[in-house]
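Remarks on the structure that follows.
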Amino acid sequence: MARTNYRIGVMLSTTGSYSVVARSMLNGALLAFREINAGHDDIALEPVVVNPSGDLASYRSLSLELLGSGVRHVVGCYTSSSRKEVIPCFEKFDGLLWYPSHYEGFESSDNVIYTGAAPNQHVLPLVDYLASRVGSRAFCVGSNYIWAWENNRIFREALAARGGTVVAERYLSVGDTEVDQVIAAIIDQRPDFVFNNLIGTSAYAFFRAFRAACRARGIDQAAEIPVASCTLSEPELPEIGPDAVDGHLSSSVYFSSLNSAENGAFIRAYTTSFPDGPVSSADAEASYIAVKLLGAALSQAGTDDARTVRTAVADQRLCAPQGEVRIDRQTFHAWLTPRIGRSTVSGQFEVLLESREPIAPDPYLVQSSPRFAGAMRSPLLKVVQS
């Protein structure tokens, strides 16, 4: 039986301020390509890898270049600004963008498949955890673009529904590492916790400087003013450094420390394939999931026509490293399993809470009422560690 070869774009910024995560995403995608090519007799996937280096104009031009060359499917983008930049290209030329990153929601496109977490799968579980176990006063920091703006808005409204308040918000340009003013404001306000939406080098600088500033004032930062994120992942922990790596909270659908047969096999294959790293992350797993679902949909469809593949992907089920994953037929976002983790000195996350089962994506939060009060009730979560 002849195999049909499909060229698949992979568009990730493996250089630039958030390159550590993007390189783990590329690794996850490449691992899935290898597994599909080894396990399918009817299709072969050829990755066409491009690097926009974090430049928005390059995302657009590379998207047009890929689509113009006959590529119909592209796995890629990490930031929401890059995704927003390229969606018009995919809509114009009827391609499919497979977006493998957690994001802020409030978006729908017939030309995007979303395999990362929607806000009800990462922001709302974190609000529930913090409000019930940490405190009610938050200080929000973030990189100055749509991800942080929207995440902080959702967080603020969800926290208010739980009786909490945001005492202040501060934003830094992407890649900005001058964090002293922000840290001084946080220590002056003494919130119960910090909600962090900084990305890349800005985040790493903040974690280091905040821990040092608290230590100089006799404050046990991890215990007294913990930092909670929806972005912090394993490849980034070494970038923070050993003096400030532990005690940070992260809301995610995947941690590499998960104890399951599927994750064990994934980690072994990933480590063998990419011994030089970066280590796996939630975004790497989302990229892996995207390619695996794409391969299954292409095999079923027998064509790379975007509309046909989009219809076929809703029929797929995947035993992913995080657990069962499937694409919601209404929203074309993924059913995923929310978890809360805490970073350790070993560069891993210990899982504190997790959903009992995958939950449906709710990108517009229409199932949460009023004002997110229906977010992640405790029966959906089980305690893993206290």
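Residue numbers start at 1 and run along the sequence shown. Side chains included, hydrogens not; waters and symmetry mates left out as well; all remaining heavy atoms used. Everything numeric here is computed off the predicted structure, so don't read it as measured data.
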Exercise. Charged N to carboxylate O below 4.0 Å: is that the case for Asp246 and Arg342?
Worked result: no
Problem set entry | Thr14 and its side chain to side chain contact (heavy atoms under 4.5 Å, CB included) partner, picked from Val20, Asn51, Asn27 | Asn51
Problem set entry | Donor-acceptor contact below 3.5 Å, side chain His248 vs main chain Ala244 | yes
Problem set entry | Distance (rounded to the nearest 0.5 Å) between Glu85 CD and Ser58 OG | 10.0 Å
Problem set entry | Option passing side chain to side chain contact (heavy atoms under 4.5 Å, CB included) with Leu130 (candidates Ile340, Asp192, Leu249) | Leu249
Exercise. Taking it one step at a time, do Leu124 and Ile154 satisfy side chain to side chain contact (heavy atoms under 4.5 Å, CB included)?
Worked result: CA-CA 8 Å; Leu124 299 192; Ile154 295 166; 4.2 Å; yes
For this session: Compare all side-chain heavy atoms of Thr201 with those of Val174 and state whether any distance is below 4.5 angstrom.
Result: no
For this session: Before giving the answer on side chain to side chain contact (heavy atoms under 4.5 Å, CB included), spell out for Asn144 and Leu172 the whole-Å C-alpha distance, their side-chain angles and the decisive distance to 0.1 Å.
Result: CA-CA 5 Å; Asn144 191 28; Leu172 301 174; over 6 Å; no
Exercise. Is the side chain of Arg7 donor-acceptor paired with the backbone N or O of Ser69 at a distance under 3.5 Å, no angle test?
Worked result: yes
Exercise. Any side-chain heavy atom of Glu65 sitting closer than 4.5 Å to one from Leu62?
Worked result: yes
For this session: Please lay out, stage by stage, how Arg153 and Glu169 fare under the test salt bridge (charged side-chain N to carboxylate O under 4.0 Å, His left out).
Result: CA-CA 10 Å; Arg153 177 186 65 81; Glu169 293 183 30; over 6 Å; no
Exercise. Hey, does the side chain of Ser281 reach the backbone of Ala284 with a donor-acceptor pair shorter than 3.5 angstrom?
Worked result: yes
Exercise. Have Ser252 and Ser250 got a donor and an acceptor in their side chains that come within less than 3.5 Å?
Worked result: no
For this session: In sequence, state the C-alpha distance, the side-chain angles, and the governing distance for Phe332 and Tyr114, and then conclude on ring-ring contact (aromatic ring centres under 6.0 Å, His included).
Result: CA-CA 6 Å; Phe332 288 88; Tyr114 303 81; 9.4 Å; no
Exercise. Does Gly95 offer a backbone N or O that forms a donor-acceptor pair with the side chain of Asn111 under 3.5 Å?
Worked result: yes
Exercise. With sequence neighbours excluded, what pairs up with Asp220 under the salt bridge (Lys or Arg N to Asp or Glu O under 4.0 Å) test?
Worked result: none
Seminar exercise, completed: Rounding to 0.5 Å, atoms CG (Asp42) and OG (Ser299) come to a distance of 3.5 Å
Exercise. Is a salt bridge present between Arg307 and Asp94, judged by a nitrogen-to-oxygen distance below 4.0 Å?
Worked result: yes
Problem set entry | Under 3.5 Å side-chain donor-acceptor pair for Gln367 and Asp362 | no
For this session: For Val313 and Ile327, run side chain to side chain contact (heavy atoms under 4.5 Å, CB included): C-alpha distance rounded to whole Å, both residues' side-chain angles, the deciding distance at 0.1 Å, then the answer.
Result: CA-CA 7 Å; Val313 76; Ile327 297 297; 4.1 Å; yes
For this session: Please tell me if the side chains of Tyr99 and Ser101 come closer than 4.5 Å, counting only heavy atoms from C-beta onward.
Result: yes
Problem set entry | Parallel, tilted or perpendicular: rings of Tyr270 and Phe266 (30°, 60°) | tilted
For this session: With sequence neighbours excluded, tell me which residues meet salt bridge (Lys or Arg N to Asp or Glu O under 4.0 Å) with Lys84.
Result: Glu107
For this session: For the pair Arg310 (side chain) and Ile113 (backbone), establish whether a donor and an acceptor sit closer than 3.5 Å, ignoring hydrogens and angles.
Result: no
Problem set entry | Side-chain (Arg217) to main-chain (Ile187) donor-acceptor, under 3.5 angstrom | no
For this session: Report yes if the side chains of Lys92 and Leu64 come closer than 4.5 Å at any heavy-atom pair, otherwise no.
Result: no
For this session: Mind checking the CZ-CG spacing from Phe139 to Asp188? Nearest 0.5 Å is all I need.
Result: 9.0 Å
Exercise. Distance from Ser343 atom OG to Leu232 atom CG, nearest 0.5 Å?
Worked result: 6.5 Å
For this session: Would you kindly say whether Asn197 and Tyr171 are connected by a side-chain donor-acceptor distance under 3.5 Å?
Result: no
Exercise. Roughly how far apart are Thr231 OG1 and Asp283 CG, rounded to 0.5 Å?
Worked result: 9.0 Å
Problem set entry | Pairwise distance CG(Leu159) to CG(Asn152) - rounded to 0.5 angstrom | 11.0 Å
For this session: Check the hydrophobic clustering (I, L, V, M, F, W, Y; side-chain heavy atoms under 4.5 Å; chains of links allowed) and say if Val345 and Val227 are grouped together.
Result: no
Exercise. Under the 3.5 angstrom rule, does the side chain of Arg339 hit a backbone N or O of Ser355 as a donor-acceptor pair?
Worked result: no
Problem set entry | Student check: side-chain heavy atoms of Pro52 and Met11 closer than 4.5 Å | yes
Problem set entry | Heavy-atom check, side chain of Glu236 versus side chain of Phe207, under 4.5 Å | no
Seminar exercise, completed: side chain to side chain contact (heavy atoms under 4.5 Å, CB included) test vs Val279 passes for just one of Ser233, Ser24, Pro235, Ser256, namely Pro235
For this session: Pick out which of Tyr129, Trp147, Tyr103 makes a ring pair (Phe, Tyr, Trp, His ring centres under 6.0 Å) with His122.
Result: Trp147
For this session: Taking Ser53 for its side chain and Gly16 for its backbone only, find out whether a donor-acceptor pair lies under 3.5 Å.
Result: no
For this session: Using modelled atom types only, decide if a donor and an acceptor are shared between the side chain of Ser63 and the backbone of Tyr59 within a distance under 3.5 Å.
Result: yes
Exercise. Taking the inter-plane angle between the rings of Phe195 and Phe155 on a 0 to 90° scale, is it parallel (under 30°), tilted (30 to 60°) or perpendicular (over 60°)?
Worked result: parallel
Problem set entry | Non-neighbouring partners of Asp328 that pass salt bridge (Lys or Arg N to Asp or Glu O under 4.0 Å), sequence neighbours left out | none
Exercise. What closest approach, in Å, do Leu258 and Gln322 show between heavy atoms, and which atom pair accounts for it?
Worked result: CD1-CA, 4.0 Å
Exercise. Closest approach of Ser13 and Ala22, non-hydrogen atoms and distance?
Worked result: O-CB, 3.1 Å
Exercise. What do the steps show when you test Leu66 against Val48 for side chain to side chain contact (heavy atoms under 4.5 Å, CB included), and what is the final call?
Worked result: CA-CA 8 Å; Leu66 288 168; Val48 182; 3.8 Å; yes
Exercise. Can you tell if the side chain of Pro119 reaches within under 4.5 Å of the side chain of Glu104, non-hydrogen atoms only?
Worked result: no
For this session: Please confirm whether the backbone N or O of Arg137 pairs with a side-chain atom of Gln189, one donor and one acceptor, at under 3.5 Å?
Result: no
Exercise. Considering residues, nucleotides and ligands other than Glu178, do more than 12 of their heavy atoms fall under 6.0 Å from its CD?
Worked result: no
Exercise. Would you call Asp128 and Arg162 a salt bridge, taking side-chain N to carboxylate O under 4.0 Å as the test?
Worked result: yes
Exercise. Between the side chains of Gln348 and Glu234, does any donor sit under 3.5 Å from an acceptor?
Worked result: no
